[in-house]
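Here the structure comes first, spelled out in structure tokens, and everything after it is commentary.
For this chain, numbers begin at 1 and follow the sequence in order.
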Amino acid sequence: MKTEEVNATQSKEDKLDVLFRMQAGLDKYIREKRNLNYTKSEWVCKKALALMVELGEVVEEAKYKWWKNGNEIDDAKLKEEIVDVLHFFLGMCIDSGMTSDELFDIYLKKNKENYDRQNGLSSKTGYEL
């Protein structure tokens with residue numbers, strides 16, 4: 001789905017579903033255009049590596065060098081790098097066979113578990129205060 005097609009569907013559809021569909025379309029377009037054929041494992045690894053590189057670019061844009069005279073953070077560039085991270089994260093989800101509903105459900109469970117760990121309510125120890 002191209003960007004200009006999104007506006008018509010935004011009000012009718014869950015935004016995460018839209019992002020998943022758009023990313024799947026972009027990935028398919030790139031694979032076909034460049035004749036790329038990798039295994040599921042190779043795609044997930046490639047996306048994970050790309051995601052790590054993009055995270056490095058986020059850190060650079062956030063001016064992490066406290067020992068250097070810094071400039072103001074360019075919010076637009078920072079946000080663009082964060083969206084690049086999202087592109088590769090979504091691609092990893094899709095390549096691993098995860099749907100937007102699965103991501104949401106797994107996130108909810110993990111979020112609850114993380115709260116439980118902080119509050120000493122989890123079977124995992126070592127997190128409670």
Side-chain angles (χ1 to χ4, degrees):
M1 171 182 284
K2 294 181 181 169
T3 304
E4 57 269 8
E5 296 173 31
V6 172
N7 294 334
T9 62
Q10 276 183 335
S11 62
K12 301 175 190 174
E13 191 173 1
D14 180 84
K15 290 177 182 175
L16 187 58
D17 290 337
V18 171
L19 293 178
F20 262 71
R21 190 173 64 256
M22 289 179 70
Q23 188 62 48
L26 177 61
D27 287 351
K28 181 179 182 217
Y29 177 79
I30 291 170
R31 289 172 189 186
E32 289 173 357
K33 185 121 177 130
R34 297 184 176 271
N35 196 29
L36 301 173
N37 296 300
Y38 298 112
T39 66
K40 177 181 187 175
S41 175
E42 289 170 324
W43 275 119
V44 171
C45 289
K46 287 179 179 302
K47 300 277 176 73
L49 179 59
L51 188 146
M52 289 187 282
V53 170
E54 293 298 338
L55 282 171
E57 292 178 10
V58 168
V59 171
E60 284 289 332
E61 286 299 331
K63 313 293 185 195
Y64 77 98
K65 296 179 181 177
W66 65 89
W67 61 89
K68 183 178 176 184
N69 295 335
N71 300 328
E72 290 291 314
I73 292 174
D74 182 330
D75 287 337
K77 286 183 181 178
L78 177 62
K79 290 174 184 179
E80 185 175 328
E81 295 302 340
I82 292 169
V83 169
D84 286 344
V85 170
L86 180 62
H87 269 278
F88 290 110
F89 173 76
L90 291 171
M92 272 195 323
C93 290
I94 294 163
D95 289 334
S96 69
M98 186 183 299
T99 66
S100 59
D101 286 335
E102 284 177 300
L103 175 63
F104 186 78
D105 292 342
I106 293 168
Y107 179 90
L108 290 179
K109 290 175 189 169
K110 184 64 179 195
N111 188 268
K112 180 186 180 315
E113 173 64 18
N114 287 339
Y115 271 102
D116 287 349
R117 288 177 183 180
Q118 293 301 309
N119 294 316
L121 302 172
S122 174
S123 59
K124 301 246 179 171
T125 59
Y127 297 91
E128 62 281 344
L129 295 174

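In this structure, Asn119 contributes its side chain and Leu121 its backbone to no donor-acceptor pair below 3.5 Å.
In the model, Asn114 has no side-chain atom that pairs as donor or acceptor with a side-chain atom of Gln118 under 3.5 Å.
Proximity of Lys77 to Glu81: side-chain heavy atoms (C-beta onward) are nowhere separated by under 4.5 Å. In this structure, Thr39 and Glu42 have side chains that are in contact, with non-hydrogen atoms separated by less than 4.5 Å. With contacts defined as side-chain heavy-atom distances shorter than 4.5 Å, the pair Arg21/Glu13 qualifies.
Atom CH2 of Trp67 has more than 12 heavy atoms from other residues, nucleotides or ligands within 6.0 Å. Taking a 6.0 Å sphere around NZ of Lys63, one finds it holds more than 12 heavy atoms contributed by other residues, nucleotides or ligands. Within 6.0 Å of CZ in Phe20 there are more than 12 heavy atoms belonging to other residues, nucleotides or ligands.
Rounding to the nearest 0.5 angstrom, the gap separating the CG atom in Asn111 from the CD1 atom in Ile106 is 13.5 Å. In this structure, the separation between NZ on Lys46 and CG on Leu36 is 8.5 Å, given to the nearest 0.5 Å. To the nearest 0.5 Å, atom CD of residue Glu113 and atom OG of residue Ser122 are 3.5 Å apart. Between the CG atom of Leu16 and the CG atom of Asp101 there is a distance of 8.0 Å, given to the nearest 0.5 Å. For the atom pair CD (Glu57) and CG (Asp84), the distance works out to 7.0 Å, reported to the nearest 0.5 Å. The CG atom of Leu78 sits 12.0 Å away from atom CD of Glu60, with the distance rounded to the nearest 0.5 Å.
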Check your understanding: Could you walk me through whether Leu26 and His87 pass the side-chain contact (heavy atoms from CB on, under 4.5 Å) check?
Key -> CA-CA 10 Å; Leu26 177 61; His87 269 278; 3.9 Å; yes
Check your understanding: Taking it one step at a time, do Asp27 and Lys47 satisfy side-chain contact (heavy atoms from CB on, under 4.5 Å)?
Key -> CA-CA 11 Å; Asp27 287 351; Lys47 300 277 176 73; 3.0 Å; yes
**Study point:** Verdict with reasoning, Ile94 to Gln23, per side-chain contact (heavy atoms from CB on, under 4.5 Å)
**Key:** CA-CA 8 Å; Ile94 294 163; Gln23 188 62 48; 3.8 Å; yes
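Note: the hydrophobic cluster containing Ile82 also contains Ile73 (ILVMFWY, side chain heavy atoms under 4.5 Å, direct or indirect links). One hydrophobic cluster, built from ILVMFWY side chains closer than 4.5 Å, holds both Leu90 and Met98. No chain of hydrophobic side-chain contacts below 4.5 Å, direct or via other Ile, Leu, Val, Met, Phe, Trp or Tyr residues, connects Met22 to Phe88. Leu86 and Met92 fall within the same hydrophobic cluster, defined by Ile, Leu, Val, Met, Phe, Trp and Tyr side-chain heavy atoms under 4.5 Å apart, directly or through other members.
For Leu51 against Val85, the heavy-atom pair with the smallest separation is CD1-O, 3.9 Å. When every heavy atom of Gly97 is checked against every heavy atom of Glu102, the shortest pair comes out as O-OE1, 3.3 Å.
Remark: Lys112 does not engage Asp105 in a salt bridge, criterion side-chain N to carboxylate O under 4.0 Å.
Annotation: ring-ring contact (aromatic ring centres under 6.0 Å, His included) contacts involving residues 24-58, sequence neighbours excluded, comprise Tyr38-Trp43.
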